[in-house]
2 protein chains.
Amino acid sequence: MNDTPPKDTAPPRTRIQQKNRKAILEAALEVFSQYGFRGSRLDQIAQASGLSKPNLLYYFPSKEAIHSELLTCLMDTWLDPLRALDPGGDPREEILAYMRRKLEMSRDYPRESRLFANEILQGAPRIREAITGELKALVDEKAEVIRRWGEEGAIAPVNPHHLIFSIWALTQHYADFEVQVRLILEGHEEDPYPEAERYLEALFSRLLAPESAPAGA
Amino acid sequence: MNDTPPKDTAPPRTRIQQKNRKAILEAALEVFSQYGFRGSRLDQIAQASGLSKPNLLYYFPSKEAIHSELLTCLMDTWLDPLRALDPGGDPREEILAYMRRKLEMSRDYPRESRLFANEILQGAPRIREAITGELKALVDEKAEVIRRWGEEGAIAPVNPHHLIFSIWALTQHYADFEVQVRLILEGHEEDPYPEAERYLEALFSRLLAPESAPAGA
DNA sequence: CGTGATTCTGACCAATTGGTAAAACAATAC
DNA sequence: GTATTGTTTTACCAATTGGTCAGAATCACG
(Lines give C-alpha, C1' and ligand atoms only; values in the text may rest on other atoms or scores of the structure.)
Protein backbone atom coordinates (compact mmCIF):
# COMPACT_ATOMS: atom_id res chain seq x y z
CA MET A 1 0.00 0.00 0.00
CA ASN A 2 2.09 2.84 -1.25
CA ASP A 3 0.65 6.21 -0.45
CA THR A 4 3.14 8.32 -2.31
CA PRO A 5 2.04 9.06 -5.84
CA PRO A 6 4.48 11.20 -7.83
CA LYS A 7 4.73 14.73 -6.54
CA ASP A 8 4.75 17.80 -8.69
CA THR A 9 7.66 19.23 -6.81
CA ALA A 10 10.09 16.45 -7.62
CA PRO A 11 10.53 15.03 -11.13
CA PRO A 12 9.05 11.55 -11.54
CA ARG A 13 11.47 8.80 -10.70
CA THR A 14 10.73 5.73 -12.72
CA ARG A 15 10.68 5.39 -16.49
CA ILE A 16 7.05 4.31 -16.36
CA GLN A 17 6.05 7.45 -14.56
CA GLN A 18 7.82 9.66 -17.03
CA LYS A 19 6.19 7.90 -19.94
CA ASN A 20 2.68 7.90 -18.47
CA ARG A 21 2.74 11.43 -17.17
CA LYS A 22 3.84 12.58 -20.59
CA ALA A 23 1.07 10.57 -22.26
CA ILE A 24 -1.51 12.05 -19.91
CA LEU A 25 -0.39 15.62 -20.44
CA GLU A 26 -0.31 15.10 -24.19
CA ALA A 27 -3.83 13.69 -24.15
CA ALA A 28 -5.05 16.39 -21.78
CA LEU A 29 -3.66 19.07 -24.05
CA GLU A 30 -5.58 17.60 -26.95
CA VAL A 31 -8.84 17.52 -25.02
CA PHE A 32 -8.62 20.67 -22.88
CA SER A 33 -7.54 22.79 -25.84
CA GLN A 34 -10.68 21.85 -27.68
CA TYR A 35 -13.35 21.81 -24.99
CA GLY A 36 -11.97 24.00 -22.23
CA PHE A 37 -11.70 22.89 -18.65
CA ARG A 38 -15.32 22.39 -17.77
CA GLY A 39 -16.22 21.00 -21.15
CA SER A 40 -13.62 18.25 -20.96
CA ARG A 41 -14.20 14.89 -19.33
CA LEU A 42 -11.65 12.75 -17.58
CA ASP A 43 -12.88 9.81 -19.62
CA GLN A 44 -11.82 11.53 -22.82
CA ILE A 45 -8.36 12.21 -21.49
CA ALA A 46 -8.08 8.67 -20.20
CA GLN A 47 -9.07 7.20 -23.53
CA ALA A 48 -6.83 9.56 -25.49
CA SER A 49 -3.88 8.65 -23.30
CA GLY A 50 -4.54 4.93 -23.44
CA LEU A 51 -4.89 4.67 -19.67
CA SER A 52 -7.85 3.91 -17.46
CA LYS A 53 -9.56 6.73 -15.61
CA PRO A 54 -8.51 5.59 -12.13
CA ASN A 55 -5.00 5.23 -13.45
CA LEU A 56 -5.01 8.87 -14.48
CA LEU A 57 -5.85 9.73 -10.93
CA TYR A 58 -2.94 7.69 -9.74
CA TYR A 59 -0.59 10.08 -11.50
CA PHE A 60 -2.52 13.29 -10.90
CA PRO A 61 -4.64 14.03 -7.85
CA SER A 62 -7.46 15.62 -9.85
CA LYS A 63 -8.68 16.93 -13.16
CA GLU A 64 -7.83 20.39 -11.92
CA ALA A 65 -4.24 19.33 -11.26
CA ILE A 66 -3.73 18.09 -14.81
CA HIS A 67 -5.08 21.30 -16.24
CA SER A 68 -3.05 23.38 -13.87
CA GLU A 69 0.19 21.58 -14.68
CA LEU A 70 -0.49 22.03 -18.37
CA LEU A 71 -1.09 25.74 -18.01
CA THR A 72 1.91 26.54 -15.86
CA CYS A 73 4.19 24.58 -18.18
CA LEU A 74 2.69 26.48 -21.10
CA MET A 75 2.95 29.97 -19.64
CA ASP A 76 6.67 29.58 -19.34
CA THR A 77 7.44 28.61 -22.92
CA TRP A 78 4.74 30.90 -24.20
CA LEU A 79 6.67 33.98 -23.18
CA ASP A 80 9.99 32.90 -24.69
CA PRO A 81 9.49 34.60 -28.05
CA LEU A 82 8.89 37.94 -26.35
CA ARG A 83 11.75 37.44 -23.90
CA ALA A 84 14.04 37.00 -26.89
CA LEU A 85 13.25 40.46 -28.22
CA ASP A 86 16.63 42.12 -27.98
CA PRO A 87 16.79 45.82 -27.04
CA GLY A 88 20.23 45.93 -28.66
CA GLY A 89 19.19 44.48 -31.99
CA ASP A 90 17.92 46.21 -35.09
CA PRO A 91 14.48 47.55 -34.10
CA ARG A 92 12.51 46.67 -37.18
CA GLU A 93 14.16 43.31 -37.57
CA GLU A 94 13.63 42.50 -33.89
CA ILE A 95 9.92 43.13 -34.08
CA LEU A 96 9.53 41.26 -37.34
CA ALA A 97 11.51 38.36 -35.90
CA TYR A 98 9.25 38.34 -32.86
CA MET A 99 6.21 38.20 -35.10
CA ARG A 100 7.78 35.34 -37.06
CA ARG A 101 8.54 33.38 -33.90
CA LYS A 102 4.96 33.82 -32.72
CA LEU A 103 3.64 32.70 -36.09
CA GLU A 104 5.85 29.63 -35.93
CA MET A 105 4.45 28.81 -32.51
CA SER A 106 0.93 29.05 -33.89
CA ARG A 107 1.90 26.69 -36.67
CA ASP A 108 3.82 24.21 -34.55
CA TYR A 109 1.84 24.39 -31.30
CA PRO A 110 -1.74 25.27 -32.20
CA ARG A 111 -3.17 23.28 -29.33
CA GLU A 112 -1.17 25.21 -26.80
CA SER A 113 -2.48 28.40 -28.34
CA ARG A 114 -6.05 27.17 -28.13
CA LEU A 115 -5.59 26.01 -24.54
CA PHE A 116 -4.49 29.51 -23.70
CA ALA A 117 -7.32 31.08 -25.68
CA ASN A 118 -9.86 28.92 -23.92
CA GLU A 119 -8.52 29.97 -20.57
CA ILE A 120 -8.64 33.67 -21.40
CA LEU A 121 -12.11 33.37 -22.90
CA GLN A 122 -13.33 31.93 -19.63
CA GLY A 123 -11.99 34.91 -17.78
CA ALA A 124 -8.50 33.56 -17.03
CA PRO A 125 -9.54 32.26 -13.60
CA ARG A 126 -6.48 30.05 -13.28
CA ILE A 127 -3.77 32.31 -14.69
CA ARG A 128 -4.85 35.73 -13.55
CA GLU A 129 -1.82 36.07 -11.36
CA ALA A 130 0.57 34.94 -14.06
CA ILE A 131 -0.90 37.61 -16.30
CA THR A 132 -0.81 40.48 -13.84
CA GLY A 133 2.61 39.34 -12.65
CA GLU A 134 5.09 37.76 -15.05
CA LEU A 135 3.34 38.57 -18.28
CA LYS A 136 2.48 42.17 -17.51
CA ALA A 137 6.00 42.84 -16.26
CA LEU A 138 7.55 41.39 -19.39
CA VAL A 139 5.17 43.22 -21.70
CA ASP A 140 5.71 46.52 -19.93
CA GLU A 141 9.45 46.06 -20.13
CA LYS A 142 9.46 45.30 -23.86
CA ALA A 143 6.87 47.98 -24.55
CA GLU A 144 9.24 50.49 -23.06
CA VAL A 145 11.97 49.28 -25.42
CA ILE A 146 9.66 49.67 -28.38
CA ARG A 147 8.54 53.10 -27.22
CA ARG A 148 12.16 54.20 -27.11
CA TRP A 149 12.77 52.88 -30.59
CA GLY A 150 9.87 54.97 -31.78
CA GLU A 151 11.14 58.01 -29.98
CA GLU A 152 14.56 57.60 -31.54
CA GLY A 153 13.03 57.37 -34.99
CA ALA A 154 14.25 53.84 -35.62
CA ILE A 155 10.65 52.82 -36.20
CA ALA A 156 7.47 54.77 -36.67
CA PRO A 157 6.08 55.77 -33.29
CA VAL A 158 3.18 53.47 -32.49
CA ASN A 159 1.47 52.50 -29.26
CA PRO A 160 3.78 49.72 -28.08
CA HIS A 161 1.20 47.81 -26.07
CA HIS A 162 -1.20 47.72 -28.97
CA LEU A 163 1.63 46.73 -31.26
CA ILE A 164 2.26 43.72 -29.07
CA PHE A 165 -1.46 42.95 -28.91
CA SER A 166 -1.63 43.08 -32.67
CA ILE A 167 1.21 40.60 -33.01
CA TRP A 168 -0.56 38.26 -30.63
CA ALA A 169 -3.91 38.68 -32.32
CA LEU A 170 -2.63 38.20 -35.85
CA THR A 171 -0.42 35.21 -35.21
CA GLN A 172 -2.61 33.37 -32.74
CA HIS A 173 -5.60 33.81 -35.01
CA TYR A 174 -4.14 31.23 -37.36
CA ALA A 175 -4.04 28.68 -34.53
CA ASP A 176 -7.18 29.57 -32.60
CA PHE A 177 -9.41 30.01 -35.64
CA GLU A 178 -7.60 27.43 -37.74
CA VAL A 179 -10.82 25.61 -38.64
CA GLN A 180 -12.43 28.75 -39.98
CA VAL A 181 -9.31 29.89 -41.80
CA ARG A 182 -8.93 26.55 -43.54
CA LEU A 183 -12.60 26.28 -44.46
CA ILE A 184 -12.61 29.73 -46.00
CA LEU A 185 -9.33 29.28 -47.83
CA GLU A 186 -10.54 26.03 -49.36
CA GLY A 187 -9.98 26.30 -53.08
CA HIS A 188 -7.45 29.09 -52.63
CA GLU A 189 -4.65 27.88 -50.37
CA GLU A 190 -3.91 24.50 -48.92
CA ASP A 191 -1.61 25.70 -46.13
CA PRO A 192 -2.35 29.19 -44.79
CA TYR A 193 1.03 29.79 -43.20
CA PRO A 194 3.27 30.70 -46.13
CA GLU A 195 0.87 33.40 -47.26
CA ALA A 196 0.28 34.46 -43.67
CA GLU A 197 3.97 35.07 -43.18
CA ARG A 198 4.28 37.06 -46.38
CA TYR A 199 1.20 39.12 -45.53
CA LEU A 200 2.18 39.83 -41.94
CA GLU A 201 5.69 40.75 -42.97
CA ALA A 202 4.33 43.32 -45.37
CA LEU A 203 1.87 44.58 -42.78
CA PHE A 204 4.42 45.17 -40.04
CA SER A 205 7.10 46.40 -42.41
CA ARG A 206 4.85 49.18 -43.61
CA LEU A 207 3.52 49.93 -40.16
CA LEU A 208 6.98 50.34 -38.69
CA ALA A 209 8.73 52.08 -41.56
CA PRO A 210 9.74 55.52 -40.30
CA GLU A 211 7.63 58.12 -42.07
CA SER A 212 8.94 59.25 -45.43
CA ALA A 213 12.05 57.18 -44.84
CA PRO A 214 13.64 57.70 -48.25
CA ALA A 215 13.75 61.47 -47.68
CA GLY A 216 15.99 60.83 -44.66
CA ALA A 217 15.41 62.48 -41.33
CA MET B 1 -52.39 19.66 -21.05
CA ASN B 2 -51.17 21.88 -23.81
CA ASP B 3 -48.72 20.18 -26.07
CA THR B 4 -47.74 23.12 -28.19
CA PRO B 5 -44.75 25.00 -26.80
CA PRO B 6 -43.64 27.94 -28.91
CA LYS B 7 -42.17 26.87 -32.22
CA ASP B 8 -39.04 28.29 -33.71
CA THR B 9 -40.64 28.65 -37.07
CA ALA B 10 -43.33 31.08 -35.94
CA PRO B 11 -42.56 34.09 -33.75
CA PRO B 12 -43.85 33.75 -30.20
CA ARG B 13 -47.35 35.03 -29.77
CA THR B 14 -47.90 36.28 -26.28
CA ARG B 15 -46.08 39.10 -24.51
CA ILE B 16 -44.94 36.69 -21.82
CA GLN B 17 -43.33 34.42 -24.36
CA GLN B 18 -41.49 37.27 -26.00
CA LYS B 19 -40.22 38.54 -22.69
CA ASN B 20 -39.13 35.14 -21.37
CA ARG B 21 -37.56 33.92 -24.56
CA LYS B 22 -35.58 37.12 -24.67
CA ALA B 23 -34.51 36.71 -21.05
CA ILE B 24 -33.43 33.13 -21.70
CA LEU B 25 -31.41 33.99 -24.78
CA GLU B 26 -29.80 36.90 -22.98
CA ALA B 27 -28.83 34.68 -20.06
CA ALA B 28 -27.69 31.90 -22.35
CA LEU B 29 -25.48 34.32 -24.23
CA GLU B 30 -23.86 35.34 -20.98
CA VAL B 31 -23.19 31.76 -19.94
CA PHE B 32 -22.39 30.06 -23.26
CA SER B 33 -20.02 32.84 -24.29
CA GLN B 34 -17.96 32.24 -21.20
CA TYR B 35 -17.98 28.48 -20.79
CA GLY B 36 -18.76 27.14 -24.24
CA PHE B 37 -21.54 24.71 -24.94
CA ARG B 38 -20.39 21.71 -22.99
CA GLY B 39 -19.01 23.75 -20.15
CA SER B 40 -22.32 25.52 -19.53
CA ARG B 41 -25.07 24.16 -17.34
CA LEU B 42 -28.77 24.67 -17.75
CA ASP B 43 -28.94 25.61 -14.09
CA GLN B 44 -26.69 28.60 -14.70
CA ILE B 45 -28.81 29.81 -17.57
CA ALA B 46 -31.96 29.30 -15.55
CA GLN B 47 -30.61 31.25 -12.62
CA ALA B 48 -29.23 34.04 -14.83
CA SER B 49 -32.56 34.39 -16.56
CA GLY B 50 -34.57 34.31 -13.35
CA LEU B 51 -36.57 31.28 -14.44
CA SER B 52 -36.67 27.74 -13.15
CA LYS B 53 -34.91 25.02 -15.08
CA PRO B 54 -38.09 23.21 -16.10
CA ASN B 55 -39.47 26.53 -17.22
CA LEU B 56 -36.53 27.01 -19.54
CA LEU B 57 -37.42 23.71 -21.13
CA TYR B 58 -40.96 24.90 -21.58
CA TYR B 59 -39.71 27.56 -23.95
CA PHE B 60 -36.91 25.61 -25.58
CA PRO B 61 -36.91 21.89 -26.20
CA SER B 62 -33.29 21.40 -25.13
CA LYS B 63 -30.00 23.00 -24.18
CA GLU B 64 -28.85 22.36 -27.72
CA ALA B 65 -31.83 24.30 -29.08
CA ILE B 66 -31.02 27.39 -27.04
CA HIS B 67 -27.44 27.35 -28.19
CA SER B 68 -28.44 26.73 -31.75
CA GLU B 69 -30.92 29.59 -31.80
CA LEU B 70 -28.30 31.89 -30.35
CA LEU B 71 -25.74 30.94 -32.97
CA THR B 72 -27.98 31.25 -35.98
CA CYS B 73 -29.25 34.61 -34.83
CA LEU B 74 -25.67 35.69 -34.32
CA MET B 75 -24.31 34.50 -37.65
CA ASP B 76 -26.73 36.72 -39.44
CA THR B 77 -25.87 40.00 -37.75
CA TRP B 78 -22.24 39.02 -37.55
CA LEU B 79 -21.82 39.28 -41.30
CA ASP B 80 -23.52 42.65 -41.66
CA PRO B 81 -20.35 44.73 -41.38
CA LEU B 82 -18.74 42.82 -44.24
CA ARG B 83 -21.92 42.88 -46.31
CA ALA B 84 -21.85 46.65 -46.07
CA LEU B 85 -18.45 46.88 -47.74
CA ASP B 86 -19.34 48.77 -50.89
CA PRO B 87 -17.51 47.90 -54.14
CA GLY B 88 -18.45 51.34 -55.41
CA GLY B 89 -17.04 53.29 -52.48
CA ASP B 90 -13.58 54.66 -51.92
CA PRO B 91 -11.38 51.58 -51.49
CA ARG B 92 -9.22 52.67 -48.61
CA GLU B 93 -12.12 54.30 -46.80
CA GLU B 94 -14.31 51.25 -47.32
CA ILE B 95 -11.79 48.91 -45.74
CA LEU B 96 -11.08 51.27 -42.88
CA ALA B 97 -14.79 51.69 -42.28
CA TYR B 98 -15.21 47.93 -42.23
CA MET B 99 -12.46 47.67 -39.65
CA ARG B 100 -14.14 50.36 -37.57
CA ARG B 101 -17.51 48.62 -37.71
CA LYS B 102 -15.93 45.37 -36.60
CA LEU B 103 -14.15 47.13 -33.75
CA GLU B 104 -17.43 48.68 -32.67
CA MET B 105 -19.02 45.26 -32.62
CA SER B 106 -16.22 43.97 -30.41
CA ARG B 107 -16.80 46.88 -28.07
CA ASP B 108 -20.58 46.72 -28.03
CA TYR B 109 -21.12 42.97 -28.37
CA PRO B 110 -18.15 41.25 -26.78
CA ARG B 111 -20.19 38.30 -25.61
CA GLU B 112 -21.35 37.55 -29.11
CA SER B 113 -17.75 37.62 -30.23
CA ARG B 114 -16.74 35.22 -27.50
CA LEU B 115 -19.64 32.90 -28.25
CA PHE B 116 -18.41 32.73 -31.80
CA ALA B 117 -14.80 32.26 -30.70
CA ASN B 118 -15.78 29.43 -28.41
CA GLU B 119 -17.62 27.71 -31.21
CA ILE B 120 -14.68 27.97 -33.61
CA LEU B 121 -12.20 26.87 -30.97
CA GLN B 122 -14.22 23.71 -30.50
CA GLY B 123 -14.00 22.96 -34.18
CA ALA B 124 -17.15 24.77 -35.30
CA PRO B 125 -19.27 21.62 -35.08
CA ARG B 126 -22.55 23.54 -35.17
CA ILE B 127 -21.77 26.20 -37.77
CA ARG B 128 -19.56 24.37 -40.20
CA GLU B 129 -22.15 24.67 -42.92
CA ALA B 130 -22.74 28.35 -42.28
CA ILE B 131 -19.00 28.89 -42.66
CA THR B 132 -18.51 26.87 -45.80
CA GLY B 133 -21.73 28.30 -47.22
CA GLU B 134 -22.82 31.83 -46.43
CA LEU B 135 -19.62 33.07 -44.86
CA LYS B 136 -17.22 31.65 -47.42
CA ALA B 137 -19.35 32.96 -50.28
CA LEU B 138 -19.47 36.43 -48.80
CA VAL B 139 -15.76 36.48 -48.04
CA ASP B 140 -14.84 35.25 -51.50
CA GLU B 141 -17.06 37.89 -53.06
CA LYS B 142 -15.57 40.75 -51.06
CA ALA B 143 -12.06 39.38 -51.43
CA GLU B 144 -12.50 39.63 -55.16
CA VAL B 145 -13.50 43.27 -54.81
CA ILE B 146 -10.42 43.96 -52.73
CA ARG B 147 -8.21 42.09 -55.17
CA ARG B 148 -9.51 44.29 -57.97
CA TRP B 149 -8.85 47.41 -55.97
CA GLY B 150 -5.27 46.25 -55.55
CA GLU B 151 -4.95 45.50 -59.22
CA GLU B 152 -6.23 48.94 -60.13
CA GLY B 153 -3.71 50.55 -57.80
CA ALA B 154 -6.34 52.08 -55.54
CA ILE B 155 -4.75 50.26 -52.64
CA ALA B 156 -1.51 48.38 -52.23
CA PRO B 157 -1.92 44.85 -53.55
CA VAL B 158 -2.26 42.54 -50.58
CA ASN B 159 -3.67 39.07 -50.19
CA PRO B 160 -7.38 39.90 -49.77
CA HIS B 161 -8.29 36.84 -47.71
CA HIS B 162 -5.53 37.46 -45.26
CA LEU B 163 -6.47 41.12 -45.14
CA ILE B 164 -9.94 40.11 -44.04
CA PHE B 165 -8.51 37.62 -41.54
CA SER B 166 -6.33 40.34 -40.11
CA ILE B 167 -9.30 42.63 -39.61
CA TRP B 168 -11.14 39.86 -37.82
CA ALA B 169 -8.16 38.92 -35.70
CA LEU B 170 -7.29 42.45 -34.66
CA THR B 171 -10.77 43.64 -33.83
CA GLN B 172 -12.11 40.47 -32.22
CA HIS B 173 -8.99 40.21 -30.11
CA TYR B 174 -10.22 43.13 -28.01
CA ALA B 175 -13.43 41.25 -27.25
CA ASP B 176 -12.19 37.68 -26.99
CA PHE B 177 -9.08 38.48 -24.96
CA GLU B 178 -10.61 41.43 -23.17
CA VAL B 179 -9.60 40.16 -19.74
CA GLN B 180 -5.96 39.89 -20.74
CA VAL B 181 -5.94 43.21 -22.54
CA ARG B 182 -7.39 45.02 -19.57
CA LEU B 183 -5.10 43.33 -17.07
CA ILE B 184 -2.02 44.24 -19.06
CA LEU B 185 -3.12 47.79 -19.77
CA GLU B 186 -3.76 48.40 -16.09
CA GLY B 187 -1.92 51.56 -15.18
CA HIS B 188 -1.69 52.66 -18.80
CA GLU B 189 -5.20 52.85 -20.23
CA GLU B 190 -8.59 52.49 -18.63
CA ASP B 191 -10.54 51.80 -21.83
CA PRO B 192 -8.56 50.05 -24.59
CA TYR B 193 -10.84 51.00 -27.44
CA PRO B 194 -9.90 54.61 -28.21
CA GLU B 195 -6.24 53.69 -28.52
CA ALA B 196 -7.15 50.52 -30.39
CA GLU B 197 -9.00 52.52 -33.00
CA ARG B 198 -6.15 54.97 -33.44
CA TYR B 199 -3.61 52.18 -33.68
CA LEU B 200 -5.59 50.05 -36.12
CA GLU B 201 -6.34 53.04 -38.29
CA ALA B 202 -2.63 53.77 -38.58
CA LEU B 203 -1.87 50.13 -39.23
CA PHE B 204 -4.33 49.67 -42.07
CA SER B 205 -3.71 53.12 -43.52
CA ARG B 206 -0.05 52.35 -43.97
CA LEU B 207 -0.66 48.82 -45.15
CA LEU B 208 -3.05 49.93 -47.86
CA ALA B 209 -1.33 53.10 -49.00
CA PRO B 210 -0.32 52.52 -52.62
CA GLU B 211 3.47 52.23 -52.79
CA SER B 212 5.29 55.51 -53.22
CA ALA B 213 1.97 57.10 -54.03
CA PRO B 214 3.26 60.60 -54.69
CA ALA B 215 5.57 59.33 -57.44
CA GLY B 216 2.61 57.84 -59.34
CA ALA B 217 2.71 54.40 -60.94
C1' DC C 1 -67.47 35.20 -12.25
C1' DG C 2 -66.01 30.84 -14.76
C1' DT C 3 -63.75 28.24 -18.28
C1' DG C 4 -60.11 26.96 -21.06
C1' DA C 5 -55.52 27.87 -22.49
C1' DT C 6 -51.10 29.20 -20.95
C1' DT C 7 -47.33 29.40 -17.78
C1' DC C 8 -44.85 27.63 -13.92
C1' DT C 9 -43.21 24.48 -10.15
C1' DG C 10 -41.77 20.52 -7.23
C1' DA C 11 -40.67 16.00 -7.41
C1' DC C 12 -38.46 12.90 -9.88
C1' DC C 13 -35.32 10.08 -13.23
C1' DA C 14 -31.62 8.12 -15.89
C1' DA C 15 -27.18 9.09 -17.43
C1' DT C 16 -22.92 11.16 -16.72
C1' DT C 17 -18.92 12.48 -14.18
C1' DG C 18 -15.14 13.33 -10.84
C1' DG C 19 -13.28 10.65 -7.62
C1' DT C 20 -12.34 6.49 -4.12
C1' DA C 21 -11.22 1.75 -2.14
C1' DA C 22 -9.24 -2.21 -2.25
C1' DA C 23 -7.49 -5.77 -4.16
C1' DA C 24 -4.91 -7.78 -8.25
C1' DC C 25 -0.88 -7.51 -10.79
C1' DA C 26 3.99 -6.29 -12.00
C1' DA C 27 8.59 -4.99 -10.91
C1' DT C 28 12.35 -4.72 -7.92
C1' DA C 29 15.16 -5.73 -3.82
C1' DC C 30 17.01 -8.87 -0.75
C1' DG D 1 12.16 -17.65 -3.59
C1' DT D 2 9.68 -13.77 -0.67
C1' DA D 3 8.96 -9.15 0.90
C1' DT D 4 8.42 -4.62 -0.72
C1' DT D 5 7.41 -1.17 -3.66
C1' DG D 6 5.12 0.50 -7.67
C1' DT D 7 1.31 0.15 -11.14
C1' DT D 8 -3.23 -1.06 -12.85
C1' DT D 9 -7.89 -2.70 -12.74
C1' DT D 10 -12.58 -3.77 -11.04
C1' DA D 11 -16.22 -2.28 -8.61
C1' DC D 12 -18.25 1.35 -6.66
C1' DC D 13 -20.04 6.07 -4.83
C1' DA D 14 -21.97 10.64 -4.38
C1' DA D 15 -22.88 14.61 -6.84
C1' DT D 16 -24.18 16.71 -10.93
C1' DT D 17 -26.84 17.35 -15.04
C1' DG D 18 -30.12 17.28 -18.96
C1' DG D 19 -34.59 16.31 -19.18
C1' DT D 20 -39.69 14.60 -17.86
C1' DC D 21 -44.29 14.89 -15.85
C1' DA D 22 -48.38 15.76 -13.33
C1' DG D 23 -50.47 19.06 -11.44
C1' DA D 24 -50.72 23.84 -9.50
C1' DA D 25 -51.00 28.67 -10.42
C1' DT D 26 -52.02 32.24 -13.57
C1' DC D 27 -53.86 34.56 -17.39
C1' DA D 28 -57.22 35.77 -21.25
C1' DC D 29 -61.66 36.28 -22.34
C1' DG D 30 -66.62 35.93 -22.62
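Each chain gets a letter, A, B and so on, in the order its sequence line appears, and its residues count up from 1.
Both B:R41 and A:N55 sit near DNA chain D, but only A:N55 has its closest nucleotide nearer the 5' end. Comparing B:N20 and B:R38 against DNA chain C, the residue whose closest nucleotide sits nearer the 5' end is B:N20.
As a whole-Å value, the separation of A:R21 CZ from D:dG6 C1' is 15 Å. Distance NZ (A:K19) to C1' (C:dA26): 13 Å, rounded to an integer number of Å. Rounded to whole Å, the distance from CZ on B:F32 to C1' on D:dG18 is 11 Å. Separating the CD atom of B:Q44 from the C1' atom of D:dG18 is a distance of 13 Å, rounded to the nearest angstrom. One interatomic measurement links the two molecules: CD1 of B:I16 to C1' of D:dA25, which rounds to 12 Å at whole-angstrom precision. For A:I24 and C:dG19, the CD1 to P distance is 13 Å, given to the nearest whole Å. Distance B:L42 CG to D:dG19 P: 6 Å, rounded to the nearest Å. A straight line from CG of A:L56 to P of C:dT20 spans 13 Å, rounded to a whole angstrom.
For B:K53 and D:dG18, a side-chain-to-base donor-acceptor distance below 3.5 Å is present, hydrogens and geometry of angles not being considered.
Contact annotation: A:Q17 does not reach the phosphate of D:dG6 (side-chain N/O to OP1 or OP2, under 4.0 Å). The side chain of B:Y58 places no N or O atom within less than 4.0 Å of a non-bridging phosphate oxygen (OP1 or OP2) of C:dC8. Checking the phosphate oxygens (OP1, OP2) of C:dT9, a side-chain nitrogen or oxygen of B:S52 falls inside 4.0 Å.
Atom NZ of A:K102 is separated from atom CG of A:D80 by 10.5 Å, given to the nearest 0.5 angstrom. Considering CG of A:D76 and CG of A:L71, their distance stands at 12.5 Å, rounded to 0.5 Å.
Side chain of B:Y59, nearest nucleotide from C:dT7, D:dC21, D:dA11: C:dT7.
B:R107 is not listed as a side-chain neighbour of B:Y174, based on a closest heavy-atom distance of 4.5 Å or more. Side-chain atoms of B:F204 and B:S166, non-hydrogen and from C-beta on, do get closer than 4.5 Å to each other.
Note that B:R38 lies in the cation-pi zone of A:Y35, set by a 6.0 Å cut-off to the ring centre and a 45° limit from the axis.
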